[in-house]
Structure formats: C-alpha cells, structure tokens
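Read through the structure below, which is laid out as structure tokens, and then see the notes.
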Amino acid sequence: MSIDEVKNELPPNYEELKGAANRTSSWRERLNAVEELGQWNTPKTIDVLKHRLNNDTVYQVQEAAYRKLKQWGEDVQLPPRKTGDLIKGVTKILVRIKKSLPADHSFEEFKEKLKKMRLDVYDAYEGERGADFDTWLEKVWTSL
C-alpha cells in the first residue's frame, strides 16, 4: 500500500488491533497489529504506534512502528536497542523457576515451565533473540 492509499478513518477492527498491539504474551501479534494499524493514519492509530515505538520490549516491533510513523511524516526517533535485561529482574524470575523444578530437570522442562509461568518473559526474549533464543536460554539456565 503506497502512502497515498493510507486510510484516514479507523479500521473496523480497531479495538481488536489495539488489544493485539498491547498483548504482552505475543510479540508476533504486536508486530502484526502494528503493520495493520500502519495502514490507517488517524490520531488514535498514531497514538498506539507511538506507544509501541517507545515501550515495546522487542526491537523488531519498535522498528515496525517507527517505519510506519516516519512514513506518515511523524517526528519520531528510533530508540536505541536495549542492552542488558529486557525485563527488570529477569535473573530472579529464572532462578525462581529453576528452583521450582526437581534438581535433575532437563533444559526442555525448564523452558516449558518458563513458557507456562511467565509467557511475557519467554515471548519478549524469544522475539528479541530470534534464532539464538534457545542457545541463549540454555546458556542462562546452565549458569543459574
């Protein structure tokens, strides 16, 4: 869709898209919502995209919101990629999960429990680490 084809009214499924854009358990849903909302240039959609740009834990989602907003001529800056912990206290969260499992648990059991107990943490790091997620998580699990 070219910039001339951007729609100037709210999408019919705006509330659903807004909810998806703010769903902490799925960076993919947030990314899809940003892409779809990016076709509707209205104050409300701009607001949602600016919120994702400035507050998302996954850089890929921030970049998508930035591209859409820039395309509309909004005066926005792409935040620097976060270094360190994406989620405050993540080490403590992971230690708690590891301690809740039997001493001889496997990495797969740890990964599954993390996904069940803290999908927000799992999702944020999976989105940020991409293909390196399992390697990173296993390395962290070993070091805990």
Next on the checklist: Once rounded to the nearest 0.5 Å, what's the spacing between atom NZ of Lys18 and atom OG1 of Thr45?
Outcome noted: 11.5 Å
Item to check | side-chain contact (heavy atoms from CB on, under 4.5 Å) between Leu144 and Thr91, worked out | outcome: CA-CA 8 Å; Leu144 294 174; Thr91 302; 4.2 Å; yes
Checklist entry - Measuring from Leu94:CG to Lys113:NZ, what's the distance to the nearest 0.5 Å? => result 13.0 Å
Item to check | Counterpart residues, side chain to side chain contact (heavy atoms under 4.5 Å, CB included), relative to His105 (two or more places apart) | outcome: Lys98, Leu101, Pro102, Glu109, Phe110, Trp141
Next on the checklist: For the CG atom of Leu37 and the CZ atom of Arg30, what is their distance to the nearest 0.5 Å?
Outcome noted: 13.5 Å
Checklist entry - Would you call Leu17 and Val48 a side-chain contact if the rule is heavy atoms closer than 4.5 Å? => result no
Next on the checklist: I'd like to know whether Glu126 forms a side-chain contact (heavy atoms from CB on, under 4.5 Å) with Arg28, so could you lay out the CA-CA distance, the side-chain angles of the two residues, the decisive distance to 0.1 Å, and finally the verdict.
Outcome noted: CA-CA 10 Å; Glu126 183 206 27; Arg28 287 175 183 88; 3.2 Å; yes
Next on the checklist: Rounded to the nearest 0.5 Å, what separates atom CD in Glu36 from atom CG in Asn13?
Outcome noted: 5.0 Å
Item to check | Minimum-distance pair of heavy atoms, taken over all atoms of Trp72 and Gly38 | outcome: CZ2-O, 3.0 Å
Checklist entry - Does a side-chain heavy-atom distance below 4.5 Å link Val90 with Tyr125? => result yes
Next on the checklist: Please check this pair: side chain of Arg52 against backbone of Val34, looking for a donor-acceptor N/O pair closer than 3.5 Å.
Outcome noted: no
Checklist entry - Partners of Tyr59 by ring pair (Phe, Tyr, Trp, His ring centres under 6.0 Å), sequence neighbours excluded? => result none
Checklist entry - Within a strict 4.5 Å, meaning less than it, do heavy atoms of the Gln62 and Asn55 side chains meet? => result no
Checklist entry - Within a radius of less than 6.0 Å around CD of Gln77, do more than 12 heavy atoms belonging to other residues, nucleotides or ligands occur? => result no
Checklist outcome for this item: Here the gap from Lys115 atom NZ to Ser25 atom OG, rounded to the nearest 0.5 Å, amounts to 11.0 Å
Next on the checklist: Please find the pair of heavy atoms, one from Thr42 and one from Leu10, that lie closest to each other, and give the distance.
Outcome noted: OG1-CD2, 3.4 Å
Item to check | Linked, directly or transitively: Leu53 and Leu86 (ILVMFWY side chains, under 4.5 Å) | outcome: no
Next on the checklist: Could you go through Glu138 and Lys111, starting from their C-alpha distance and side-chain angles, then the distance that decides it, and tell me whether this counts as salt bridge (charged side-chain N to carboxylate O under 4.0 Å, His left out)?
Outcome noted: CA-CA 8 Å; Glu138 190 162 11; Lys111 183 178 168 185; over 6 Å; no
Next on the checklist: Checking ring-ring contact (aromatic ring centres under 6.0 Å, His included) between Tyr122 and each of Trp136, Trp27, Phe133, which is the one that passes?
Outcome noted: Phe133
Checklist entry - Is any side-chain heavy atom of Leu137 less than 4.5 Å from a side-chain heavy atom of Phe107? => result yes
Item to check | Closest heavy-atom pair and its distance - Ala21, Ala33 | outcome: N-CB, 3.6 Å
Checklist entry - Do Asp123 side-chain atoms and Leu119 backbone N/O form a donor-acceptor pair below 3.5 Å? => result no
Checklist entry - How far apart are the C-alpha atoms of Glu74 and Lys68, what are their side-chain angles, what is the distance that settles it, and do they pass the salt bridge (charged side-chain N to carboxylate O under 4.0 Å, His left out) test? => result CA-CA 9 Å; Glu74 291 293 314; Lys68 296 295 183 181; over 6 Å; no
Item to check | Trace of the side-chain contact (heavy atoms from CB on, under 4.5 Å) decision for Glu128 with Arg81 | outcome: CA-CA 10 Å; Glu128 193 61 26; Arg81 188 180 284 270; 2.7 Å; yes
Checklist entry - Near Lys82 NZ, under 6.0 Å, is it more than 12 heavy atoms from other residues, nucleotides or ligands? => result yes
Item to check | Step-by-step salt bridge (charged side-chain N to carboxylate O under 4.0 Å, His left out) determination, Glu63 to Lys70 | outcome: CA-CA 10 Å; Glu63 287 176 315; Lys70 275 308 240 188; over 6 Å; no
Checklist entry - Looking at CZ of Arg96 and CZ of Arg118, how far apart are the two atoms once the value is rounded to the nearest 0.5 Å? => result 8.5 Å
Next on the checklist: Quick check: closest heavy atoms across Val58 and Ala124, and the distance to 0.1 Å?
Outcome noted: CG2-O, 3.6 Å
